[in-house]
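Report on the following structure.
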2 protein chains.
Amino acid sequence: MTHPIERAAPIARVTLQDVAREAGVSLATVDRVLNRRPGVREKTAARVQSAIARLGYRPDPVAARLARKETFRFCFILPTGTNTFMRILEEQVGATADWLLGQRAFIDILHVDVFDAEALATALEGLDPRYSGVAVVALDHPRVRAAIDDLVERGIAVVTLVSDAPTARRLRYVGIDNTAAGRTAATLIGRFSGGRKGTVAVIAGSLALRDHTERQFGFTQVLGSEYPHLTAVLAGESRDDAAQAQRLTESVIAAHPELVGIYNVGAGNRGVAAALEGAGKARDVIFVGHDLTPHSRRFLLRGIMDAVINQDPGHQARSAARILLAHCTGEPIVAEQERIGIDIFVRDNLP
Amino acid sequence: MTHPIERAAPIARVTLQDVAREAGVSLATVDRVLNRRPGVREKTAARVQSAIARLGYRPDPVAARLARKETFRFCFILPTGTNTFMRILEEQVGATADWLLGQRAFIDILHVDVFDAEALATALEGLDPRYSGVAVVALDHPRVRAAIDDLVERGIAVVTLVSDAPTARRLRYVGIDNTAAGRTAATLIGRFSGGRKGTVAVIAGSLALRDHTERQFGFTQVLGSEYPHLTAVLAGESRDDAAQAQRLTESVIAAHPELVGIYNVGAGNRGVAAALEGAGKARDVIFVGHDLTPHSRRFLLRGIMDAVINQDPGHQARSAARILLAHCTGEPIVAEQERIGIDIFVRDNLP
DNA sequence: CTGTTAGCGCGTTCAG
DNA sequence: CTGAACGCGCTAACAG
């Protein structure tokens, strides 16, 4: 066996100094061509470029950030309210803030009513211009879009988090494909139903929320085309409220004795579970919902929920932060690492 | 609305200098108590500690890494062979190497036959002692265990990757819980079967591989207890070979006309798919396997496979690298970020 | 247009 | 046992 270390890359890094020497110029000149700053003749620039290529120079981001005294401040705009998922998200943003401290960046959290587009737009408009980046749980509304575009115009990087505003000029959307998530829910309920005929109730969160309507769209699309023995009925809007979800579930159970499944698009799984248990239907009716929380985890383990579709809040928080930071420092990002996947959890693959 | 920036943390970092001044000592002394090095009196150490606490000092990892001239070299030991998953893993390790370059660390890749414990142990034993860390797709075998413990003894950090050697003194296992993965497969097939009676064939990869036996164990455990209408039969070992998997599938189809599902524990989904299509059973028989590859993705989209259980190779490569690096530099890791989840993919939630 | 120089915050000698 | 001083690789003023 050969020792791989023998054919390894040279252990010493190529530094700016090396390039400068090789090109016969000074540090500053190399720095200028590297950062595309004016004040270098075509000719010397070319000499430097070739030296860079020849030596295989790669700038050291660690040293660069140390020398650059700049620090960054980001604002995370999250919804108010007691929604469990959002609380977990906020917790994770807090944890991320801790990590960012080591990267010379700071996070503030701002709370806004997620159902109120005006309030969200106002918050965005009134944002301190000193922020270098914003992550916002958005709302697809003209004023919000305009406010986001405005921030971008002012040179503030914006990423949308969890909920997107697709036509806005945000740097990126950090979240799942909600249409695909809805399709996934339909496939799970369809496959779990094993050919049973009947209806599937869809409990909407809010029809004004783009991500919720997308989920519904994907769901009905797949259920309609792939599982003709199942018919989707809309049970109403829960507005992410457990009590309301419970009422909706209760009436849908009463109205549809042949109920096969329930897809809860928004929050409030607790309400659905309570209604199902109250009616003694927890085992019979297939129940798929979103977001892994202590509650949904318990429902999964007890067999009340059959699958949970999750979007990892920790991943989303870190991803948003990494993307904003990378944008500010000009460092590249690992695209694949920043993709937010649609996680399916059943009882057996819980974290 | 209040501008959150006003109540924000001070933008200036607390530095070692500040602590030194506050404690009335020099930089070097603070450094000593910080890194727990000898040569400081109890009393002054206490003074420094209190100053650190008072100022809320947090060492700057960026500056630390710059000052420390040390560079690290890691070895990734991967299986030989043409297994698609392992090729993707290797690709991802390569991409990670690129990133590590910016962190003053280098990766070598070493190939060893995964089915040969002696060869793996020999490779581990003969490893260049200059490596500061090793990530190895392990084998739970006494000689391998001993070789790993030996490396650890010599001060080389070891993480097991994808496949574990649980009793070895490795720093950590980077991979999924394979028993849980097997359970998940059983739940999926059980739920998808919709009460149909029949047998489910299990195609083992290699019964000598701990992760494969764990998957089988979890699978039969859940199938036996939760789905009494289904009986698991062992179709044989594919040794991760598609042709062999195809032969096994063909004979199991012939022997069991009432076949409801197939769980392919190891690689070779192509063989299983070919056999199912050849027999015209691709739609009827529920087929669950591991690892998302271009092949399994295609099978999922065509309805030949019903679910794929995945372990993200990119995540595992990056995680192993981050853990080794953090161990070497003494930086903390975000535990939650390093958990490797059991991903379930159906047609609709593919990346 | 180009070169010189002084740090960034910390680790690490080497004297005291 | 403690402190002063230099340098990691790079940026950002300055000079020239």
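When reading the values below, keep in mind they use all heavy atoms of this one structure, side chains included, and skip hydrogens, waters and symmetry mates. In what follows, every chain begins at residue 1, and chains take the letters A, B, ... in the order their sequences are listed.
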Distance-only polar pair, side chains of A:Thr96 and A:Arg318, donor-acceptor under 3.5 Å: no
Do the side chains of A:Asp60 and B:Arg104 get close enough for a salt bridge, i.e. N-O under 4.0 angstrom? yes
Measure from the side chain of A:Arg41, starting at C-beta and using heavy atoms only, and say which of C:dG11, C:dG9, C:dC1 lies closest. C:dC1
Side-chain N,O (A:Thr44) to OP1/OP2 (C:dC1) below 4.0 Å: no
d(CD, B:Gln17; C1', C:dC8) in whole Å: 11 Å
Can you tell me the distance, in whole Å, between the CG atom of A:Leu101 and the P atom of C:dG9? 14 Å
Base, sugar-phosphate, or nothing: which does B:Asp31 touch, judged by heavy atoms less than 4.0 Å apart? base
Given atom CG of B:Asn35 and atom P of C:dC10, what is their separation to the nearest angstrom? 11 Å
Please determine if a side-chain N or O atom of B:Ser26 lies less than 4.0 Å away from the OP1 or OP2 oxygen of D:dG3. yes
Please work out if B:Leu16 contacts a base, only the sugar-phosphate, or nothing of the nucleic acid, heavy-atom cut-off 4.0 Å. sugar-phosphate
Between P on C:dT13 and CG on B:Leu27, what's the gap in Å once rounded to a whole number? 16 Å
When you check the phosphate oxygens OP1 and OP2 of C:dT12, does a side-chain N or O of B:Arg68 lie under 4.0 Å from one of them? no
D:dT11 phosphate, OP1 or OP2: any side-chain N/O from A:Arg37 under 4.0 angstrom? no
Between B:Glu90 and B:His111, is any side-chain donor less than 3.5 angstrom from a side-chain acceptor? yes
Any B:Arg32 side-chain nitrogen or oxygen under 4.0 Å from OP1 or OP2 of D:dC1: no
Nearest-nucleotide 5' precedence on DNA chain D, B:Ala63 against B:Thr29: B:Thr29
When rounded to whole Å, the CZ to P distance for the pair B:Arg21 and C:dC10 reads 12 Å
Separation of atom CZ in B:Arg65 from atom C1' in C:dT12, rounded to whole Å: 18 Å
Across the strands shown, which category fits B:Pro59 at heavy-atom distances under 4.0 angstrom: base, sugar-phosphate, nothing? sugar-phosphate
Take atom CD in A:Gln17; do more than 12 heavy atoms of anything else shown fall under 6.0 Å from it? no
Here the distance between atom C1' of C:dG11 and atom CD of B:Glu70, to the nearest Å, is 11 Å
Answer yes if the side chains of A:Glu336 and B:Gln92 hold a donor-acceptor pair under 3.5 Å, and no otherwise. yes
Rounded to the nearest angstrom, tell me the gap between atom NZ in A:Lys69 and atom P in C:dG9. 8 Å
Look at all strands and tell whether B:Val25 reaches a base, only sugar-phosphate, or nothing, counting heavy atoms closer than 4.0 Å. sugar-phosphate
Base, sugar-phosphate, or nothing for B:Ala28, non-hydrogen atoms under 4.0 angstrom? base
